[in-house]
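In this text the structure is predicted, and so the values were computed from the model without any measurement. Excluded from the calculations below are hydrogen atoms, water molecules and symmetry mates; all remaining heavy atoms, backbone and side chain alike, are included. We're numbering straight along the sequence, starting at 1.
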Amino acid sequence: MPQVQLKCLCGKVTGETADINEHSGTRIHCCCDDCQAFAQYLNHEKSIVDYFGGTDIFQMPLSHLKINQGHEQIACVKLSAKGMHRWYTTCCNTPIGNTMGPKMPFIGVIHNFMANAEQRDVALGKSRGYVHIKFANEKVPENLQAKPFNITLRIILKLLLWKIKGLNNPNAFFNQDQQPIVKPKILK
């Protein structure tokens with residue numbers, strides 16, 4: 001299966017994915033207000049979100065992402081105490097991805113952390129559409145919208161399958177005690 005090289009904007013943090021393709025994960029554009037707030041927090045709205053306010057994300061098993069260098073540059077923010085862990089680099093504020101916690105085998109890797117942008121469509125397939133469009137900056141054309149039932153069912157089935165297979169370990173963002181590798185900054 002294809003491997004996607006991962007790299008922050010300045011190159012201090014690098015990594016790679018393993019065993020991923022368009023069937024092993026889910027590529028979406030998320031317009032939720034939290035993804036937009038994360039982009040604002042990093043002060044990179046123009047490079048993270050697109051015209052509609054969507055962030056290009058590939059949802060994949062957490063165990064299929066490896067950080068090779070720059071561990072000391074990784075930070076985490078949570079928009080609220082119960083919110084997702086949103087990982088980024090401190091060296092250049094590149095978003096890495098979003099995780100639900102140590103027991104959930106899920107990471108939504110954000111496009112800015114994927115080094116080979118020109119190969120993204122080949123390796124990961126086209127986006128399955130825009131989700132959370134009620135938060136979009138502009139009206140998302142119907143042909144670009146994800147079908148809510150289909151995308152929700154796909155994500156739930158993937159999460160269940162990944163959980164059964166134990167694909168939350170090894171884990172680049174949570175230690176063996178299931179604690180984040182760095183203390184998350186909680187904004188609210």
Side-chain angles (χ1 to χ4, degrees), residues 2-18 20-22 24-68 70-71 73-79 83-101 104-121 123-133 135-137 146 151 155 158-159 171-174 180-182 184-185 187:
Q3 183 181 56
V4 175
Q5 296 301 311
L6 305 171
K7 180 177 81 155
C8 69
L9 295 172
C10 72
K12 288 183 180 175
V13 179
T14 63
E16 59 194 30
T17 64
I20 63 164
N21 63 32
E22 65 181 296
S24 65
T26 304
R27 187 173 176 196
I28 58 168
H29 281 79
C30 184
C31 295
C32 80
D33 54 347
D34 285 349
C35 281
Q36 292 183 46
F38 184 42
Q40 290 171 355
Y41 174 79
L42 297 176
N43 202 23
H44 281 296
E45 298 103 318
K46 291 181 182 175
S47 67
I48 297 171
V49 300
D50 63 15
Y51 173 78
F52 299 110
T55 301
D56 186 357
I57 297 173
F58 186 72
Q59 299 173 337
M60 59 181 272
L62 193 50
S63 64
H64 291 187
L65 183 143
K66 179 181 175 187
I67 301 295
N68 295 327
H71 294 88
Q73 300 291 337
I74 294 175
C76 180
V77 66
K78 294 176 77 171
L79 302 178
M84 294 185 84
H85 293 82
R86 295 177 183 273
W87 303 92
Y88 66 98
T89 66
T90 56
C91 47
C92 57
N93 280 358
T94 300
I96 296 172
N98 309 318
T99 60
M100 293 181 206
M104 291 302 293
F106 162 93
I107 183 164
V109 181
I110 297 173
H111 68 98
N112 302 72
F113 193 54
M114 297 181 196
N116 43 346
E118 63 282 349
Q119 298 293 324
R120 197 173 302 138
D121 285 347
L124 308 177
K126 299 269 187 210
S127 174
R128 294 184 181 271
Y130 283 79
V131 298
H132 301 293
I133 59 172
F135 300 106
N137 294 338
I151 202 73
I155 292 168
K158 291 282 184 201
L159 282 172
N171 188 322
F173 302 102
F174 297 93
I181 59 168
V182 295
K185 178 178 182 179
L187 299 183

So, His44 side chain and Cys92 main chain: donor-acceptor pair closer than 3.5 Å or not?
yes
Which residue pairs pass the salt bridge (Lys or Arg N to Asp or Glu O under 4.0 Å) test with at least one member in residues 27-46, sequence neighbours excluded?
Arg27-Asp56, Arg27-Asp121
Between atom SG of Cys32 and atom CZ of Phe38, what is the distance when rounded to the nearest 0.5 Å?
11.0 Å
Which atom of Asn68 lies closest to which atom of Glu16, heavy atoms considered
ND2-OE1, 3.4 Å
Spacing of Ile110 atom CD1 and Leu42 atom CG [to the nearest 0.5 Å]
8.0 Å
Return the minimal non-hydrogen interatomic distance between Phe174 and Ile181, and the atom names on each side.
N-CG2, 3.9 Å
Nearest atoms (heavy-atom pairs only) where Lys7 meets Ala115:
CB-CB, 3.9 Å
Return yes if some donor-acceptor pair links the side-chain N/O of Asn171 with the main-chain N/O of Leu62 below 3.5 Å, else return no.
no
Flag, side chain of Gln73 to backbone of Cys8, donor-acceptor distance under 3.5 Å:
no
Should the heavy atoms of other residues, nucleotides or ligands under 6.0 Å from NZ of Lys12 be counted, would the total exceed 12?
no
Do the ring planes of His85 and Trp87 sit parallel (below 30°), tilted (30 to 60°) or perpendicular (above 60°)?
parallel
Expected output: side-chain Thr26 to main-chain Ile155 donor-acceptor under 3.5 Å
no
Nearest-0.5 Å distance that lies between atom CD1 in Ile74 and atom CD1 in Ile67
4.5 Å
Lys158, NZ: over 12 other non-hydrogen atoms inside 6.0 angstrom:
yes
Between atom SG of Cys76 and atom CZ of Arg86, what is the distance when rounded to the nearest 0.5 Å?
10.0 Å
Smallest heavy-atom separation, His29 atom then Ser127 atom, equals ND1-OG, 2.9 Å
Can you check whether Thr89's main-chain N or O pairs, donor with acceptor, with Thr94's side chain at less than 3.5 Å?
no
If I compare all heavy atoms of Ile133 with all of Cys31, which pair ends up nearest, and what's the gap?
CA-CB, 4.4 Å
Rounded at 0.5 Å granularity, tell me how far CD1 in Ile48 sits from SG in Cys35.
9.5 Å
Could you walk me through whether Thr17 and Phe58 pass the side-chain contact (heavy atoms from CB on, under 4.5 Å) check?
CA-CA 11 Å; Thr17 64; Phe58 186 72; over 6 Å; no
Atom pair NE2 (His64) and CD1 (Ile20), whose distance is rounded to the nearest 0.5 Å
9.5 Å
For residues Cys30 and Ile57, report the shortest heavy-atom separation together with the two atoms involved.
CB-CD1, 3.9 Å
Donor-acceptor pair, side chain of Thr90 and main chain of Ala75, under 3.5 angstrom
no
